[in-house]
Amino acid sequence: MGDQDLPGVLVSGLEGPHGICEDHAGDLQKHFNLITMQEFLENKAQLGPKIQAVYIWGGMPAISQELLRGLPSLKIVASAGAGLDHLDLGLIASFGVKVANTPHAISSPTADLGMALLLAAARRVVEGHQLAVSPRTENFSTNWMGQDVTRATLGIVGMGNVGYKIAQRARAFEMRILYHNRKRRSEEEDAVGAAYCERLEDLLQRSDFVMLAMRLTPQTQGLIGRRELSLMKPTAILVNIGRGLLVDQDALVEALQTGVINAAALDVTYPEPLPRDHPLLQLKNVTLTPHIGSATHQARRQMMENLVESILASFNGLPVPNEVLLK
């Protein structure tokens, strides 16, 4: 624990792979008395009433009914990132607690990674690297090829902050842009020259690349399954920067093994990490990254600063930036 006179904020830990970013600890401690989960669990009676906010980093600490009952002074749950699938919003609202996240801080770096994965899969960058560094390589074949990105058709599923920024980047590659979204976004589509597909099926059938950039909800879980994959071109590449559960992974493995689609590039899977014997790890036509959409120094610092701003606003009775409206 830090300065006892500062408002208490619960964090998962101050170090280790599941703790807050160590580079941010000093800045956070200027504003808050950081109380770790271990400290709280060891002294709930004394520390519980002092905690006014929960600072969620990397999905931790988990918010349960038991935890909420032990935090009678809690005003806000501030969660890094845009996704909310790790939070029971109805439960939190029932305790009169606000929720804030950081959707704008993550949009540009996540869009950058989406394009990086698209390019890597199209040009077989990981395979090419392995070929170039292999001690068994004696020559490079002139017939080892990938696919064009320039002037190809990109289908974006989910035209939110991230999806729109992907479209901006794709425009620089002269790509034809299709998008599917719950609601049509006429202003955004005009700005990037995108065409709206009311039916997901139309987008899947027409796209050379399909980019999943949506949140996980009960309605979007399993959105891409065996049927949807079968509608895609056999030359198509699926890119997922949303959540692993958007895709039926068993169906994806089968589609990749049998040539239903050409390749996949995934920043997200379920679970994370995958079991070390999972078939996705064995396929040459799969590019995987460890859920690093927002993992830049600049974006993570912006996320931290946004969370601090939201927490301080809640303490002072001010409008909370990036507040998630709980229905």
Side-chain angles (χ1 to χ4, degrees), residues 111 113-127 145-160 162-163 166-167 169-171 173-182 189 192 194-217 219-270 274 278-289:
L113 183 73
M115 290 305 295
L117 285 170
L118 186 155
L119 290 162
R123 299 304 302 271
R124 301 168 65 189
V125 170
V126 175
E127 281 185 82
M145 291 176 283
Q147 293 183 216
D148 268 347
V149 172
T150 301
R151 289 183 289 279
T153 298
L154 170 63
I156 302 171
V157 185
M159 186 66 94
V162 174
I166 289 165
R169 286 150 177 75
R171 192 178 185 188
F173 285 87
E174 304 173 48
M175 299 185 86
R176 293 180 290 274
I177 303 167
L178 310 175
Y179 79 98
H180 172 74
N181 203 52
R182 252 185 331 170
E189 75 181 57
V192 294
Y196 179 60
C197 294
E198 185 175 356
R199 299 173 66 248
L200 175 62
E201 291 84 352
D202 293 338
L203 179 146
L204 296 174
Q205 290 172 333
R206 295 164 59 188
S207 299
D208 299 306
F209 301 90
V210 174
M211 178 86 68
L212 305 182
M214 62 199 339
R215 292 181 181 178
L216 177 65
T217 68
Q219 293 72 38
T220 61
Q221 182 167 333
L223 183 73
I224 304 297
R226 186 169 281 101
R227 174 179 173 274
E228 289 73 25
L229 291 163
S230 71
L231 294 173
M232 293 171 63
K233 299 177 182 180
T235 54
I237 293 173
L238 177 70
V239 184
N240 188 4
I241 55 171
R243 285 292 186 269
L245 284 167
L246 296 173
V247 179
D248 179 338
Q249 274 183 184
D250 293 337
L252 178 60
V253 168
E254 181 181 319
L256 292 165
Q257 290 174 330
T258 59
V260 172
I261 65 172
N262 180 45
L266 313 170
D267 185 44
V268 288
T269 60
Y270 66 92
L274 290 169
H278 196 282
L280 279 176
L281 304 181
Q282 314 304 322
L283 296 174
K284 289 185 176 181
N285 55 345
V286 175
T287 302
L288 291 167
T289 49

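Worth knowing before you read on, the calculation uses all heavy atoms, side chains too, and leaves out hydrogens, waters and symmetry mates.
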How many angstroms lie between NE2 in His278 and CG in Leu283, if you round to the nearest 0.5 Å?
9.5 Å
If I take atom CE from residue Met175 and atom CZ from residue Arg151, how far apart are they, to the nearest 0.5 angstrom?
11.5 Å
All heavy atoms of Arg169 vs all of Met115, minimum pair found to be CB-CG, 3.7 Å
Got a second to check how far Ile261's CD1 is from Leu231's CG, nearest 0.5 Å?
12.0 Å
Would you say the side-chain atoms of Tyr179 and Glu189 include a donor-acceptor pair closer than 3.5 Å?
yes
Side chain to side chain contact (heavy atoms under 4.5 Å, CB included) between Lys284 and Arg124, worked out:
CA-CA 9 Å; Lys284 289 185 176 181; Arg124 301 168 65 189; over 6 Å; no
Closer than 3.5 angstrom, by distance alone: can the side chain of Gln249 be matched with the main-chain N or O of Tyr270 as a donor-acceptor pair?
yes
Pick out which of Asp208, Leu178, Leu118, Val149 makes a side-chain contact (heavy atoms from CB on, under 4.5 Å) with Leu154.
Leu118
List the atom of Arg206, the atom of Cys197, and the distance in Å for their closest heavy-atom pair.
NH1-SG, 3.9 Å
Side chain Asp248, main chain Arg226, donor-acceptor under 3.5 Å
no
Residues Gln257 and Pro279: closest non-hydrogen pair is NE2-CB, 4.4 Å
Locate the shortest heavy-atom distance separating Ala152 from Phe209; write the atom from each residue and the value.
CB-CE1, 3.7 Å
For Val260 and Leu229, the nearest pair of non-hydrogen atoms, with its separation, is CG1-O, 3.4 Å
How long is the span from the OG1 atom in Thr287 to the CG atom in Leu280, to the nearest 0.5 Å?
11.5 Å
Scan Val268, Leu117, Val157 and name whichever one has a side-chain contact (heavy atoms from CB on, under 4.5 Å) with Asn240.
Val268
Hey, could you give me the CD1/CG distance between Ile224 and Leu200, rounded to the nearest 0.5 Å?
5.0 Å
Please step through side chain to side chain contact (heavy atoms under 4.5 Å, CB included) for the pair Leu119 and Val125, ending with a clear verdict.
CA-CA 8 Å; Leu119 290 162; Val125 170; over 6 Å; no
Do Leu223 and Met214 come close enough that some side-chain heavy atom pair is under 4.5 Å?
yes
Kindly give the heavy-atom pair with the smallest separation between Met159 and Ala167, and that separation in Å.
CE-CB, 4.2 Å
If only side-chain N and O atoms count, and only distance matters, is there a donor-acceptor pair under 3.5 Å linking Gln147 with Asn262?
yes
Between Leu246 and Leu216, does the side chain to side chain contact (heavy atoms under 4.5 Å, CB included) criterion hold? Intermediate values first, please.
CA-CA 6 Å; Leu246 296 173; Leu216 177 65; 4.1 Å; yes
Given the rule in the side chain to side chain contact (heavy atoms under 4.5 Å, CB included) test, do Thr220 and Arg243 qualify, once you have shown the distances and angles that lead to the verdict?
CA-CA 10 Å; Thr220 61; Arg243 285 292 186 269; over 6 Å; no
Donor-acceptor pair, distance only, cut-off 3.5 Å: does the side chain of His180 make one with the backbone of Gly158?
no
Atom CG in Leu266, atom CG in Leu238: separation rounded to 0.5 Å?
6.5 Å
Verify the neighbour count for atom CZ of Phe173: are there more than 12 heavy atoms of other residues, nucleotides or ligands below 6.0 Å?
no
Please determine whether the number of non-hydrogen atoms from other residues, nucleotides or ligands lying under 6.0 Å from atom CD of Gln282 exceeds 12.
yes
